[in-house]
Amino acid sequence: MIREHIAEIREQLPSEVKLVAVSKFHPAEAIREAYAAGQRRFGENRPQEFAAKVEELKDLDLEWHFIGHLQTNKLKLVLPYADLVQSVDSQHLLDAIQDWGKANDKVIRVLLELHIGAEETKSGFKEEEVLDILFRADKYKNISFCGLMGMASHTDNEDDIRADFARIADFKAYLDDLFPELADFKELSIGMSGDWKLALDYGATIVRIGTAIFGERQY
Ligand SMILES: *Cc1c(COP(=O)(O)O)cnc(C)c1O
């Protein structure tokens with residue numbers, strides 16, 4: 001089924017949009033199955049599970065994205081292996097990543113997570129916090145700011161989801177105008193299993209799809 005799901009999504013996904021297969025809570029075998037179907041880019045949201053899968057699957061040529069909450073005491077589980085940390089959601093985390101990058105002589109590629117959904121608890125920066133960071137972007141020598149990530153409200157109401165995506169897309173366009181010197185600031189990571197087709201209307205460059213590829217997660 002994984003093969004069919006990937007083929008189905010690929011058929012509808014413009015070729016320039018990157019598909020991150022979100023494999024959290026699914027075994028390494030499921031990733032191997034997706035790999036056999038041509039999928040190379042995977043996303044995980046828990047540092048321990050991320051590191052374990054990187055190790056277990058190191059015989060494959062994979063691109064790993066980290067998409068979950070990252071505590072600063074877990075950086076070493078993630079930063080050596082992540083091609084992109086999509087979920088930077090606090091100033092404290094950003095500073096810690098900068099320090100780690102400097103100490104390890106590495107430039108870490110990140111997305112800033114923008115809070116767009118309705119849920120009060122959902123993590124992410126406010127617009128003004130993102131602005132504040134990007135005005136100081138040149139201070140972060142070991143961080144490459146690659147764009148924005150966002151999660152739409154958890155709802156079946158298409159208008160609400162579209163409003164969330166419109167907000168982040170407009171803000172991304174505003175930032176592109178304001179910071180033309182940020183050459184890597186290209187990605188807009190929006191869209192999950194339930195809403196990725198809508199996200200394409202708002203300029204998604206990355207979609208993060210779990211359930212629609214691997215099935216329901218067993219928590
Ligand atoms: C789990 C997760 C996804 C994938 O969700 P699905 O609904 O299973 O596609 C996408 N993005 C983030 C940040 C996630 O935590």
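Atoms within a ligand are numbered from 1 in the order they appear, just like the ligands themselves. Every heavy atom of this structure was used, including side-chain atoms; hydrogens, water molecules and symmetry mates were not. These numbers were taken from a predicted model, which means no experiment stands behind them. One is the number of the first residue; the rest follow in order along the sequence.
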Using the ring-ring contact (aromatic ring centres under 6.0 Å, His included) rule, take Phe179 and Phe135 through it: C-alpha gap first, then chi angles, then the decisive distance, then the call. CA-CA 8 Å; Phe179 301 106; Phe135 273 120; 5.0 Å; yes
Just need the protein heavy atom nearest to atom 12 (C) of ligand 1, so name the residue and atom and give the distance.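 Ranking protein heavy atoms by distance from atom 12 (C) of ligand 1, first comes Ile67 CD1, 3.6 Å.
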What protein heavy atom sits nearest atom 5 (O) of ligand 1, and how far away is it?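 Ranking protein heavy atoms by distance from atom 5 (O) of ligand 1, first comes Met192 CE, 3.4 Å.
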Going by the order shown, which atoms of ligand 1 are within less than 4.0 Å of some heavy atom of [X]?
X	value
Ser193	6 (P), 7 (O), 8 (O), 9 (O)
Thr211	6 (P), 7 (O), 8 (O), 9 (O)
Ile209	9 (O)

Would you tabulate the side-chain donor-acceptor contacts of residues 63-71 under 3.5 Å, counting partners in other chains and residues two or more places apart, or write 'none'?
unit_1: Glu63; atom_1: OE2; unit_2: Arg41; atom_2: NE; d: 3.0
unit_1: Glu63; atom_1: OE2; unit_2: His65; atom_2: NE2; d: 2.7
unit_1: His65; atom_1: ND1; unit_2: Gln86; atom_2: NE2; d: 2.9
unit_1: His69; atom_1: ND1; unit_2: Asp89; atom_2: OD2; d: 3.2

Under a 4.0 Å N-O cut-off, is there an ion pair linking Asp132 with Lys126?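 A salt bridge is absent here (no side-chain N lies under 4.0 Å from a carboxylate O).
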Counting only heavy atoms from other residues, nucleotides and ligands, does the tally under 6.0 Å from CG of Asn157 exceed 12?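 Result for CG/Asn157: enclosed.
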Using non-hydrogen atoms of the residue, decide whether Gln86 is closer than 4.0 angstrom to ligand 1.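 No, Gln86 has no heavy atoms under 4.0 Å from ligand 1.
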Nearest non-hydrogen contact with atom 10 (C) of ligand 1 belongs to which option: Arg208, Lys24, Glu216, Arg46?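 Shortest heavy-atom distance from atom 10 (C) of ligand 1: Arg208.
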side-chain contact (heavy atoms from CB on, under 4.5 Å) partner of Ile209, chosen from Val22, Leu19, Ile6, Val20: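 Of Val22, Leu19, Ile6, Val20, side-chain contact (heavy atoms from CB on, under 4.5 Å) with Ile209 is met by Leu19 alone.
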Below 3.5 Å, N or O to N or O, backbone or side chain included: is there any such pair between Gly210 and ligand 1?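 N/O-N/O distance below 3.5 Å exists for this pair.
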Check whether any side-chain heavy atom of Glu187 lies under 4.5 Å from a side-chain heavy atom of Leu111, and answer yes or no.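 Of all side-chain heavy-atom pairs linking Leu111 with Glu187, at least one is under 4.5 Å.
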